[in-house]
Asks: 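There's a structure below that I have some questions on.
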Amino acid sequence: MPVTLDFEKPIEELEKRISEMESMATNVDLSNEVSALQKKLEELKKDIYGNLTPWQKVQLARHPERPRSLDYIERLCPGFVELHGDRLFGDDHAIVAGMGKLEDREIMIIGQQKGKDTKSHLYRNFGMPNPEGYRKAMRLMNLAAKFKRPILTFLDTPGAYPGIEAEERGQAEAIARNLLVMAQLPVPVVCVIIGEGASGGALGIGVGDRLLMMENTWYSVIAPESCSSILWRSWEHKEKAAAALKLTPEDLLRLKIIDEIVKEPLGGANRDYEAATVFVKEAILRNFSELEDLSSDALINQRIEKYSLMGHWSGGDH
Amino acid sequence: MNWFQRTKESIADGTTKKELPNVWIKCDHCGEILYKKELEKNLNVCLKCSHHFRVNAKTYIQLILDENSFKPVNKDMLSEDPLEFTDTKKYSDRLRTTIEKTGLKDAIQTGLGLIDGRVTALAVMDFGFIGGSMGSVVGEKISRVTDLAIQNRVPLIIVSASGGARMMEGALSLMQLAKTSAKLSIMHREGLPFISVLTDPTTGGVTASFAMLGDINLAEPGALIGFAGPRVIKEATGKDLPPGFQRAEFLVDHGFVDLIVQRSELKKTISRLLSFMEANTNKNLDLSQIRV
């Protein structure tokens with residue numbers, strides 16, 4: 001039974017009416033009525049999904065049936081070899097990493113991984129990495145650099161895990177170190193936000209030459225609920241916070257934080273994994289091929305320059 | 001039948017508290033009533049328990065640099081309101097009133113100065129400006145002062161005091177983590193020394209970027225240092241936090257801070273560390289000859 005979000009109810013109702021009508025159609029000819037309703041359904045979908053509020057985008061980004069990193073990885077790179085562990089403490093299941101072959105390119109893939117049911121949610125810690133996840137990512141990014149392989153990362157996390165042990169093992173240091181190391185990687189790095197991009201937890205594997213964002217995702221410095229609880233002192237203003245944070249792909253393209261919005265099938269990637277993969281694959285391949293002829297120095301310089309330009313201020317000496 | 005009556009004093013609600021005349025101040029840590037002037041003379045460190053009171057950027061600049069050697073840069077840089085952010089008030093109004101109230105332009109001051117005669121780039125944060133939060137201005141000023149350190153081949157010191165990234169600039173604030181860390185990666189590649197000084201409190205996006213990336217990480221005694229705030233961790237895990245959790249001493253025990261330094265020893269310690277790390281720096285610079 002597919003999950004329906006609150007704002008999708010009118011679509012669900014119309015779909016139900018159409019299927020009821022179709023089941024009656026054995027006795028009477030309703031094909032005209034059905035096709036009229038189907039036309040109406042298409043328009044309704046375009047209207048609803050074409051005018052999503054920021055909060056509705058957040059809801060879609062968190063859709064329980066949305067494809068996760070491994071769903072894309074197995075479609076993009078059959079024969080993916082997953083590698084484990086940070087060689088320091090353990091293996092974090094909230095980050096998957098390994099070697100894949102994307103068409104004729106050998107690439108390193110690193111992705112934040114959420115679950116889909118209670119058991120896998122727990123196993124994946126709801127996609128909230130611990131320090132060893134970031135350190136595994138760093139180890140394998142350095143490995144990719146050593147053997148001159150490009151790196152692809154998938155961002156999808158409600159945040160780095162705010163746990164006691166995570167603090168003991170240096171959650172902040174693990175993220176900070178990745179930001180420094182990723183800035184100096186001598187190979188192309190393409191990052192794609194496939195779901196939730198919550199703050200430093202997402203950024204910890206998100207510094208690269210290109211940042212792509214799928215249509216129904218969000219990226220910001222804080223989740224709208226937490227923002228609401230801090231600034232409004234109540235969880236109830238999450239819709240307002242989502243709008244205020246300018247966290248949608250369109251906002252972030254305008255603010256020059258992301259490079260490209262990746263299209264999704266109508267209604268979201270959760271409705272059609274294969275179609276979503278086709279769009280993502282095209283964008284990844286195109287961006288890799290734009291980057292592959294650059295020297296290591298040029299890549300690093302351009303990457304640092306790109307981040308240097310981010311932000312808005314006035315005044316200053318230069 | 002007094003077993004149900006409180007034997008301990010009730011939790012103070014603030015209404016019964018007697019206002020101290022403002023020449024006196026009570027230590028938050030040991031409760032000692034301290035004479036303000038004497039406390040200031042002691043660098044705002046409690047004379048009884050050594051609790052380090054929070055101090056502003058100006059105080060650290062005076063404490064760390066040789067007298068009158070500070071040459072500020074980008075001191076007129078101001079935050080804008082690119083998201084037109086409004087919560088219970090407009091961000092642009094919040095900025096204006098904070099600037100009026102504090103006399104500061106934003107949560108950081110940067111520049112060049114001398115430490116025992118050695119030219120050094122310095123950045124100091126001010127917790128009093130919107131919780132020392134990092135938005136575009138903090139990120140850009142750190143980025144530029146790091147450039148200055150690299151161009152002149154001098155060490156960089158950053159004194160942090162921050163609740164993290166500034167929410168009112170959304171993802172632009174988040175990008176300052178990447179920007180400052182990227183600049184530090186050049187310092188690192190060039191073999192130039194960077195000392196991070198963590199003061200109370202240093203949390204969130206500041207800890208998850210430049211503050212944890214020092215060649216040497218120093219911390220003041222008792223400073224709160226962490227990624228997630230204690231309240232968030234308690235809510236997320238439902239567990240009680242261990243004593244001393246996320247204090248400077250805890251960070252030393254877990255291997256993330258090199259050394260805890262008393263405020264009175266800060267300059268001496270930094271100077272000592274810089275002598276060890278001077279290999280790739282330009283030691284014959286004349287501060288008055290550097291154009292900033």
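Numbers restart at 1 for each chain; the letters A, B, ... are given by sequence-line order, proteins then strands.
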Asks: Considering only heavy atoms and a distance below 4.5 Å, find which of L172(B), L83(B), T88(B) pairs most often with chain A.
Replies: L83(B)

Asks: Under a 4.5 Å heavy-atom cutoff, which of R303(A), R169(A), K240(A) has the most pairs with chain B?
Replies: R169(A)

Asks: What part of I257(A) gets closer than 4.5 Å to chain B, counting heavy atoms only: side chain, backbone, both or neither?
Replies: side chain

Asks: So does E225(A) pair up with R62(A), basic N to acidic O under 4.0 Å?
Replies: yes

Asks: Who among S199(A), S228(A), C227(A) has the most heavy-atom pairs with chain B under 4.5 Å?
Replies: S199(A)

Asks: Fit a plane to each ring of H93(A) and Y123(A), take the angle between them on a 0 to 90° scale, and name the class: parallel (under 30°), tilted (30 to 60°) or perpendicular (over 60°).
Replies: parallel

Asks: Between K246(A), H237(A), M128(A), which has the largest tally of heavy atom pairs under 4.5 Å with chain B?
Replies: K246(A)

Asks: Looking only at heavy atoms, which two atoms of I186(B) and Q184(A) are closest? And how far apart?
Replies: N-NE2, 3.8 Å

Asks: With chain B, which of A183(A), G200(A), S308(A) has the greatest number of heavy-atom pairs at distances under 4.5 Å?
Replies: S308(A)

Asks: So for Y91(B), is it side chain, backbone, both, or neither that comes closer than 4.5 Å to the heavy atoms of chain A?
Replies: neither

Asks: Examine whether an atom of L231(A) lies under 4.5 Å from a heavy atom of chain B, and if so say whether it belongs to the side chain, the backbone or both; otherwise answer neither.
Replies: both

Asks: Do the charged groups of E305(A) and K179(B) touch, with an N to O distance under 4.0 Å?
Replies: no

Asks: Any Lys/Arg nitrogen of R94(B) or D87(B) sitting under 4.0 Å from an Asp/Glu carboxylate oxygen of the other?
Replies: yes

Asks: Find the one option among G135(B), S173(B), G170(B) whose heavy-atom pairs under 4.5 Å with chain A are most numerous.
Replies: G170(B)

Asks: List the steps and the verdict of side chain to side chain donor-acceptor pair (under 3.5 Å) for E169(B) and S136(B).
Replies: CA-CA 8 Å; E169(B) 294 183 31; S136(B) 300; 2.7 Å; yes

Asks: Given a strict heavy-atom distance threshold of 4.5 Å, which part of I222(A) is in contact with chain B: side chain, backbone, both, or neither?
Replies: side chain

Asks: Let me know if T86(B) has heavy atoms under 4.5 Å from chain A in its side chain, its backbone, both or neither.
Replies: backbone

Asks: Kindly say whether N74(B) contributes a backbone atom to a donor-acceptor pair with the side chain of D317(A) at under 3.5 angstrom?
Replies: yes

Asks: Does this structure show an ion pair linking R144(B) with D147(B), if we count only N-O contacts that are shorter than 4.0 Å?
Replies: no

Asks: Return the option, out of A171(B), S185(B), S181(B), with the maximum number of heavy-atom pairs under 4.5 Å with chain A.
Replies: S185(B)

Asks: Which one of K183(B), H188(B), R189(B), E84(B) has the most heavy-atom pairs closer than 4.5 Å to chain A?
Replies: R189(B)

Asks: Which of the residues I230(A), I175(A), L180(A) is involved in the greatest number of heavy-atom pairs with chain B at under 4.5 angstrom?
Replies: L180(A)

Asks: Any chance NZ of K71(B) has more than 12 other-residue heavy atoms, nucleotides or ligands included, within less than 6.0 Å?
Replies: yes

Asks: Regarding K57(A) and E215(A), does a basic nitrogen lie under 4.0 Å from an acidic carboxylate oxygen?
Replies: no

Asks: Check whether L252(A) gets within reach of chain B through its side chain, its backbone, both or neither, counting any heavy atom under 4.5 Å.
Replies: side chain

Asks: Which one, M212(B), M175(B), K105(B), E140(B), leads in non-hydrogen pairs under 4.5 Å with chain A?
Replies: E140(B)

